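Just so you know, these numbers come straight off a predicted model, no measurement behind them.
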Amino acid sequence: MIFPRSGVLIVLGVTLLFSGACEIERRKSDAELALNPQQASGRHIYDQYCDRCHEAYSSHKRKGPSLQGVFKREYFSVSGMPANDQRARDLIVFGRDKMPSYSQELTQQQIDDLLAYLHTL
Ligand code: HEC
């Protein structure tokens, strides 16, 4: 440790730990996640429209279920529908329960990009 007052750093570290270190974990870049251009575009859309309700990189629940590994499961966790592109597309276009419909906001292309990104989770 180069700092003489490393005790301060330890206290700071512990404080950060207890204030939810996961929340402030550094955001990975698209390159670090090895996203291709379509997936990166999907991530951008996700951040704009979906992130406030869905956690992408932890199993934490927000207003909606975590989408970590969403297409690696056989069924969607809440509705129990098969976890495939068609069902996910319907969900995004029509909404369900507290999940809003995005038929006005998103184009087919944007939904394609979103799905490509969700497959990387
Ligand atoms: C206002 C909060 C909210 C927003 C914003 C939102 N969702 Fe949801 N989402 C939900 C809720 C609540 C559910 C559970 C709905 C159900 O099946 O009854 C859900 C379910 C889902 C599911 C099924 C997951 C599972 O395991 O059940 C997917 C996939 C999904 N959302 C994708 C998206 C995408 C993509 C966006 C952005 C375009 C988005 N959501 C925006 C609230 C939200």
Side-chain angles (χ1 to χ4, degrees):
M1 196 66 66
I2 341 162
F3 298 100
R5 276 176 287 182
S6 55
V8 175
L9 290 178
I10 291 169
V11 170
L12 188 70
V14 170
T15 310
L16 288 178
L17 203 68
F18 283 106
S19 63
C22 325
E23 297 297 325
I24 53 171
E25 198 176 284
R26 195 179 63 84
R27 178 182 161 87
K28 287 204 169 78
S29 69
D30 294 348
E32 282 172 304
L33 293 169
L35 301 181
N36 67 29
Q38 183 183 27
Q39 293 159 346
S41 151
R43 184 188 194 197
H44 188 74
I45 299 161
Y46 185 92
D47 287 344
Q48 231 176 313
Y49 294 100
C50 322
D51 187 64
R52 68 189 171 97
C53 288
H54 294 291
E55 194 80 58
Y57 296 106
S58 97
S59 54
H60 236 80
K61 188 180 181 310
R62 289 186 182 160
K63 286 201 198 93
S66 155
L67 296 187
Q68 186 177 40
V70 60
F71 283 119
K72 299 194 170 67
R73 299 191 282 263
E74 203 173 340
Y75 301 102
F76 289 142
S77 59
V78 179
S79 62
M81 293 189 297
N84 59 39
D85 280 17
Q86 188 52 54
R87 291 283 163 262
R89 188 182 296 278
D90 287 351
L91 205 56
I92 295 165
V93 171
F94 300 112
R96 205 187 114 88
D97 189 27
K98 294 198 184 61
M99 161 117 178
S101 146
Y102 288 93
S103 55
Q104 301 302 308
E105 284 90 344
L106 300 176
T107 64
Q108 282 293 332
Q109 182 61 58
Q110 287 178 306
I111 295 176
D112 286 346
D113 294 357
L114 249 182
L115 293 177
Y117 171 62
L118 294 182
H119 275 279
T120 70
L121 299 182

Step by step, would you call Q110 with H44 a side chain to side chain contact (heavy atoms under 4.5 Å, CB included)? CA-CA 10 Å; Q110 287 178 306; H44 188 74; over 6 Å; no

CZ of R87 to CZ of F76: how many Å apart, nearest 0.5 Å? 9.0 Å

Does Y102 share a hydrophobic cluster with M81, counting links as ILVMFWY side-chain heavy atoms below 4.5 Å and allowing steps through other members? yes

Could you tell me whether a side-chain N or O of R43 sits under 3.5 Å from a main-chain N or O of Y117, the two making a donor and an acceptor? no

Rounded to the nearest 0.5 Å, how far does CZ of R62 lie from CG of D51? 4.5 Å

Counting only heavy atoms not in K72, do more than 12 fall under 6.0 Å of its NZ? yes

Could you tell me which non-hydrogen atom of V78 sits nearest to which non-hydrogen atom of P65, and how far apart they are? CG2-CG, 3.6 Å

Is there a path of hydrophobic side-chain contacts, each under 4.5 Å between heavy atoms of I, L, V, M, F, W or Y residues, that connects V70 with Y57? yes

Measuring from S79:OG to D97:CG, what's the distance to the nearest 0.5 Å? 10.0 Å

Side chains of Q68 and L121: does their closest heavy-atom pair fall under 4.5 Å? no

Once you round to the nearest 0.5 Å, how far does CG of L115 lie from OH of Y46? 12.5 Å

Can you tell me how far CG of D113 sits from CD of Q108, rounded to the nearest 0.5 angstrom? 11.0 Å

Going from CG on L67 to OG on S59, what distance comes out if it is rounded to the nearest 0.5 angstrom? 12.0 Å

Please tell me if the side chains of D90 and R96 come closer than 4.5 Å, counting only heavy atoms from C-beta onward. no

With side chains defined as the heavy atoms from C-beta onward, is the minimum distance between R26 and E32 less than 4.5 Å? yes

Any chain of hydrophobic side-chain contacts (each under 4.5 Å) joining I45 to F94? yes

For the residue pair K61 and S66, establish whether any side-chain heavy-atom pair is separated by less than 4.5 Å. no

Is the closest side-chain heavy-atom distance between H54 and L118 below 4.5 Å? no

Between R89 and D112, is there a side-chain N and carboxylate O pair less than 4.0 Å apart? yes

Less than 4.5 Å apart, any side-chain heavy atom of L33 and any of T120? no

Going by atom types alone, do D85 and H119 pair a side-chain donor with an acceptor below 3.5 Å? yes

